[in-house]
Amino acid sequence: MDKTTDNQSKSFFNDVYEVVKLIPPGRVTSYGAIARYLNAKGAARQVGWAMNGAGKLKGIPAHRVVNSQGILTGMDYFDKGHSMAQLLLEEGIEIENNKVKNFKSYFWDPSSELL
DNA sequence: CTTTTGACGGGGG
DNA sequence: TCCCCCGCCAAAA
């Protein structure tokens with residue numbers, strides 16, 4: 001498949017998906033945290049961008065990814081039958097006003113916890 | 001090739 | 001606390 005000496009990371013997207021899939025249930029992380037884990041600190045936006053299609057894909061708990069404020073920013077991007085808040089609630093995460101309650105308590109930093 | 005966007009983050013008023 | 005602007009960086013048009 002590789003035509004040249006391509007190594008890991010075919011694309012930023014791929015990396016993001018992998019990390020998101022590693023997010024344990026009942027936990028949430030932020031775009032910036034993921035970006036930072038990928039050594040792309042300033043690419044927090046691209047992380048969310050990558051999730052654009054992830055919301056409909058399966059196996060990618062995009063609902064566990066929120067912004068640094070703990071707000072479910074992509075909630076409108078999810079299917080209405082499986083809204084972001086709904087999935088988080090099922091995982092035991094309290095949501096209030098489209099925002100994760102005790103966000104800090106549920107926060108999962110890949111750079112810290114995952115190693 | 002250039003231009004725009006975008007589920008962000010942080011700083012300033 | 002709320003609102004606005006800037007910066008970062010990569011993909012899409």
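- The side chain of A/M51 approaches B/dA7 more closely than any other nucleotide in the set C/dA10, B/dC8, B/dA7.
- Across A/V19, A/I23, A/I60, A/V16, a single residue satisfies side-chain contact (heavy atoms from CB on, under 4.5 Å) together with A/V65, and that is A/I23.
- Looking only at atom types and distance, the side chain of A/T73 has a donor-acceptor partner in the side chain of A/Y31 under 3.5 Å away.
- A donor and an acceptor atom never sit less than 3.5 Å apart when one is taken from the side chain of A/R36 and the other from the base of B/dG9.
- A heavy-atom distance below 4.5 Å is found between the side chains of A/T29 and A/P110.
- Between A/W49 atom CH2 and C/dA12 atom C1' there is a gap of 6 Å when expressed in whole angstrom units.
- Per the geometry, CZ belonging to A/F12 stands 15 Å off P belonging to C/dC8, to the nearest Å.
- Counting to the nearest Å, the C1' atom of B/dT5 and the CZ atom of A/R45 are 9 Å from each other.
- Nearest to the side-chain atoms of A/A62 among the listed nucleotides C/dA10, B/dA7, C/dG7 stands B/dA7.
- Rounding to whole angstrom units, CD1 of residue A/I34 and P of B/dC8 are separated by 12 Å.
- Across B/dC8, B/dA7, C/dA11, the shortest atom-to-atom separation from the side chain of A/S11 is found for C/dA11.
- Counting atom types as modelled, A/Y77 pairs no side-chain N or O with a base atom of B/dA7 as donor and acceptor under 3.5 Å.
- Residue-level contact check: A/F13 touches the backbone only, with heavy atoms under 4.0 Å from sugar-phosphate atoms and none from bases.
- A/A35 comes within contact range of no nucleotide atom at all, as no heavy-atom separation falls under 4.0 Å.
- Ion pairing between A/R27 and A/E113 fails under the 4.0 Å rule for side-chain N and carboxylate O.
- The CD atom of A/Q69 sits 12 Å away from the C1' atom of C/dT1 (whole-angstrom rounding).
- Listed nucleotides: B/dT5, B/dG9, C/dC9. Nearest to the side chain of A/Y31: B/dG9.
- One interatomic measurement links the two molecules: CG of A/L38 to P of C/dA10, which rounds to 12 Å at whole-angstrom precision.
- For the OP1/OP2 pair of B/dC8 and a distance below 4.0 Å, the side-chain nitrogens and oxygens of A/S68 include no atom meeting the criterion.
- Base engagement by A/N52 is indicated by at least one non-hydrogen atom pair under 4.0 Å involving a base atom.
- Taking atom CG on A/D15 and atom C1' on C/dA11, their separation rounds to 15 Å, with Å as the unit.
- We find the OG-CZ distance between A/S30 and A/R64 to be 15.5 Å, quoted to the nearest 0.5 Å.
- If you measure from atom CG of A/N98 to atom P of B/dA7, you get 15 Å, rounded to the nearest angstrom.
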